[in-house]
*Asks:* 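Below you will find the structure I want to go over with you.
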Amino acid sequence: VSAATRLAVATPSASYDVLVGEGLLAASGGLVRGVSAAARCALVTDENVHERYGRLVSGSLAEAGFRVTEIVVAPGEQSKTWERAGEVLEAMADARLGREDLVVALGGGVVGDLAGFCAAVYLRGVDYVQLPTTLLAQVDSSVGGKTGVDLRAGKNLAGAFKQPLIVVADIESLGSLPEAEWQSGLAEVAKAAMLSGQQQVERMTRNAAKLAAREPDVVRQAVLAAVAHKIEVVSADERETGLRESLNYGHTLGHAIERVAGYGSVPHGVAVAEGMRFAARLSERLLGAGPGLAQSQDALLEALGIGRPSYPRDVAALLDAMRADKKVRDGTIRFALLAEPGRFVAVPVDDDVLAEELERWTDETCERG
Ligand SMILES: NC(=O)c1ccc[n+]([C@@H]2O[C@H](COP(=O)([O-])OP(=O)(O)OC[C@H]3O[C@@H](n4cnc5c(N)ncnc54)[C@H](O)[C@@H]3O)[C@@H](O)[C@H]2O)c1
């Protein structure tokens, strides 16, 4: 193992480490053994990740003395369902996984959310670890303990809080990520910079070309900065009563765009980046944030190579989609906004104001639907 950086997470319910470094999957067995005395483990992964890293990780776990049962699901959001969770749970029972045993999630956010959810409910809860292999999973979904599956009514509508024993993020594994998945992660990295402060925004903008080209040193720095930010937030607010809401920055409109355009037609990160552009403008208009906010964010997103999506200019449909989100409180849609980079404010926005702002925004930017 080349030198890994260890970041500590401390929430009211658990303390654990996030390791970030290169070559960590090859050493994963020993790293996991360091936090678990389990005899057996269920290695939950998807077909793509299994093909690339399954043998490496299984072998390393076996070498560390775990009896490994591989549970492989189809790649993509389609596997984050109640039905698939049931199959994974049945497979765990078939493997006679016991209370002292372990679930290992190897893959992106889909596998992490699904496997974490199964670990939360199997035998009323067994331990699990996260081996995230997408940029999004490394900087966002693997840290913080939110797990779950989608329901027909919407994404992430059933789930549990369940903190892992350890998160092992091997940045070398990011080399094989398809470009759209890379950009999804970059949008979250940019979000973390915006939530951290102007200095981070400027540093990332300077490094953007190298980051887009996946230069290892720059990737490592960016992952560490984003993870550190996520840790700070979830440590302060494990259950999303306050600061954790800031992580929704860009996601309110972003999710609505994904839904209205049809899931899969606008990549998640591109939709989130678009939501950030809107949120920055909303911040300027509702919070009096300086015009530099949207401008410097636009420059960052452009430098990262995250383009503008086209989606139907259907304000009513976008509003409906936002209402279906969990972030509605007392009937009013809440936005995570920024008074300035690094200074988050949660703002309930009335429907008529929101409709007007969306009209303005879509008039300026979208194809006519
Ligand atoms: N729990 C949380 O706090 C949280 C936060 C943000 C997002 N999420 C969830 O995360 C999910 C999205 O995660 P994602 O973007 O990682 O998607 P994903 O898990 O579907 O992975 C994206 C694609 O990349 C492939 N892949 C994964 N690692 C690879 C690698 N190293 N090389 C090549 N291909 C690889 C996968 O097979 C998949 O096809 C969503 O369901 C979202 O709701 C959860």
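When a ligand or atom number is given, it counts from 1 through the structure's own listing order.
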*Asks:* Numbering the atoms of ligand 1 from 1, which are under 4.0 Å from a heavy atom of Pro75?
*Replies:*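 What qualifies from ligand 1 is 37 (O), 39 (O).
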*Asks:* Which residue from Gly107, Gly109, Gly76 reaches closest to atom 17 (O) of ligand 1 through any of its heavy atoms?
*Replies:*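 Among Gly107, Gly109, Gly76, the closest heavy atom to atom 17 (O) of ligand 1 belongs to Gly109.
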*Asks:* Around atom 9 (C) of ligand 1, find the nearest protein heavy atom and jot down its residue, atom name and distance.
*Replies:*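 Result: Asp113 OD2, 3.4 Å.
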*Asks:* Using heavy-atom distances only, which candidate in Arg52, Glu181, His268, Glu188 approaches atom 24 (O) of ligand 1 most closely?
*Replies:*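 It is Glu181 whose heavy atom sits nearest to atom 24 (O) of ligand 1.
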*Asks:* So, Glu188 versus His251: side-chain donor-acceptor pair below 3.5 Å or not?
*Replies:*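 Glu188 vs His251: donor-acceptor pair found between side chains.
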*Asks:* For the side chain of Thr45 and the backbone of Leu106, is there at least one donor-acceptor N/O pair under 3.5 Å apart?
*Replies:*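 It does hold such a pair.
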*Asks:* Give a yes-or-no answer on whether the side chains of Tyr53 and Ser176 include a donor-acceptor pair shorter than 3.5 Å.
*Replies:*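 Result is yes, a qualifying pair exists.
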*Asks:* One thing to verify: whether Lys230 and Asp140 come together as a salt bridge, which I'm taking to mean a side-chain N less than 4.0 angstrom from a carboxylate O.
*Replies:*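 The answer is yes: the pair qualifies as a salt bridge.
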*Asks:* Would you mind running through ligand 1 and noting each atom that sits below 4.0 Å from a heavy atom of Lys230?
*Replies:*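 So the answer, numbered in order with elements, is 3 (O).
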*Asks:* Using a 4.0 Å cutoff against the non-hydrogen atoms of Tyr53, which atoms of ligand 1 qualify?
*Replies:*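 Checking each atom against Tyr53, I get 31 (N).
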*Asks:* Is it true that Arg277 and Glu274 make a salt bridge, defined as a side-chain N closer than 4.0 Å to a carboxylate O?
*Replies:*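 Yes, charged N to carboxylate O under 4.0 Å.
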*Asks:* Between Asp46 and ligand 1, is there a nitrogen or oxygen pair with a distance under 3.5 Å?
*Replies:*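 Yes, at least one N or O pair falls under 3.5 Å.
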*Asks:* Check for a donor-acceptor pair, side chain of Thr134 on one end and backbone N or O of Gly108 on the other, with a separation under 3.5 Å.
*Replies:*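 No; judged by distance alone, with no hydrogens or angles, the pair does not exist.
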*Asks:* Would you indicate which of Leu136, Asn48, Leu174 comes nearest to atom 39 (O) of ligand 1 when only heavy atoms are counted?
*Replies:*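 Going through Leu136, Asn48, Leu174 one by one, Asn48 has the nearest heavy atom to atom 39 (O) of ligand 1.
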*Asks:* Please report whether ligand 1 has a polar contact with Val143, defined as an N or O pair separated by less than 3.5 Å (distance criterion only).
*Replies:*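 Val143 vs ligand 1: no N/O contact under 3.5 Å.
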*Asks:* Looking at Glu77, which atoms of ligand 1 are within less than 4.0 Å of one of its heavy atoms?
*Replies:*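 Answer for ligand 1: 40 (C), 41 (O).
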*Asks:* Using a 4.5 Å cut-off on heavy atoms from C-beta on, say whether the side chain of Pro341 contacts that of Leu293.
*Replies:*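 Contact flag for Leu293/Pro341 side chains = yes.
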*Asks:* So, is Val49 polar-close to ligand 1, with some N/O to N/O distance under 3.5 Å?
*Replies:*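 No, there is no polar N/O contact under 3.5 Å.
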*Asks:* Counting each atom of ligand 1 from 1 as listed, which ones have a heavy atom of Ser173 under 4.0 Å away?
*Replies:*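 Near Ser173, meaning under 4.0 Å from one of its heavy atoms, ligand 1 has 30 (C), 31 (N).
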*Asks:* Between Ser173 and Arg52, do the side chains contain a donor N or O and an acceptor N or O under 3.5 Å apart?
*Replies:*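 Judged by distance alone, the side chains do not pair up.
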*Asks:* Could you tell me if any non-hydrogen atom of Gly112 lies under 4.0 Å from any atom of ligand 1?
*Replies:*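 So Gly112 does not count as touching ligand 1.
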*Asks:* Can you tell me which portion of Pro132 lies within the under-4.0 Å heavy-atom range of ligand 1? Options are side chain, backbone, both, or neither.
*Replies:*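 Answer for Pro132: neither.
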*Asks:* Provide the closest heavy-atom pair for Val9 versus Thr11 in the form atom of the first, atom of the second, distance.
*Replies:*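 Smallest heavy-atom distance, with atoms named: CG1-CG2, 3.9 Å.
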*Asks:* According to a hydrophobic-cluster definition based on side-chain heavy atoms being under 4.5 Å apart (Ile, Leu, Val, Met, Phe, Trp, Tyr only), do Val315 and Ile333 belong together?
*Replies:*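 Result: yes, single cluster for both.
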*Asks:* Which atoms of ligand 1 have any heavy atom of Val110 under 4.0 Å away?
*Replies:*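 So the atoms of ligand 1 that pass are 11 (C), 13 (O), 18 (P), 19 (O), 20 (O), 41 (O).
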*Asks:* Enumerate the atoms of ligand 1 whose separation from the nearest heavy atom of Asp140 is less than 4.0 angstrom.
*Replies:*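 Result: 5 (C), 6 (C).
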*Asks:* Taking the side chain as every heavy atom from C-beta outward, state whether Tyr263 and Glu77 have any pair of such atoms under 4.5 Å apart.
*Replies:*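 In short, these two side chains do not touch, never coming nearer than 4.5 Å.
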*Asks:* Hey, what's the ring geometry for Phe335 with Phe278, parallel, tilted or perpendicular (30° and 60° as the breaks)?
*Replies:*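 Rings of Phe335 and Phe278: perpendicular, over 60°.
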*Asks:* Taking only heavy atoms of Lys155 into account, list the atoms of ligand 1 that are under 4.0 Å away from them.
*Replies:*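 Near Lys155, meaning under 4.0 Å from one of its heavy atoms, ligand 1 has 40 (C), 41 (O), 42 (C), 43 (O).
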*Asks:* Hey, is Thr147 touching ligand 1 through its side chain, its backbone, both or neither, going by heavy atoms under 4.0 Å?
*Replies:*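 Thr147 to ligand 1: no contact under 4.0 Å from either part.
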*Asks:* Under 3.5 Å between any N/O of Ser184 and any N/O of ligand 1: does that happen in this structure?
*Replies:*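 In fact, backbone or side chain, Ser184 has no N or O that close.
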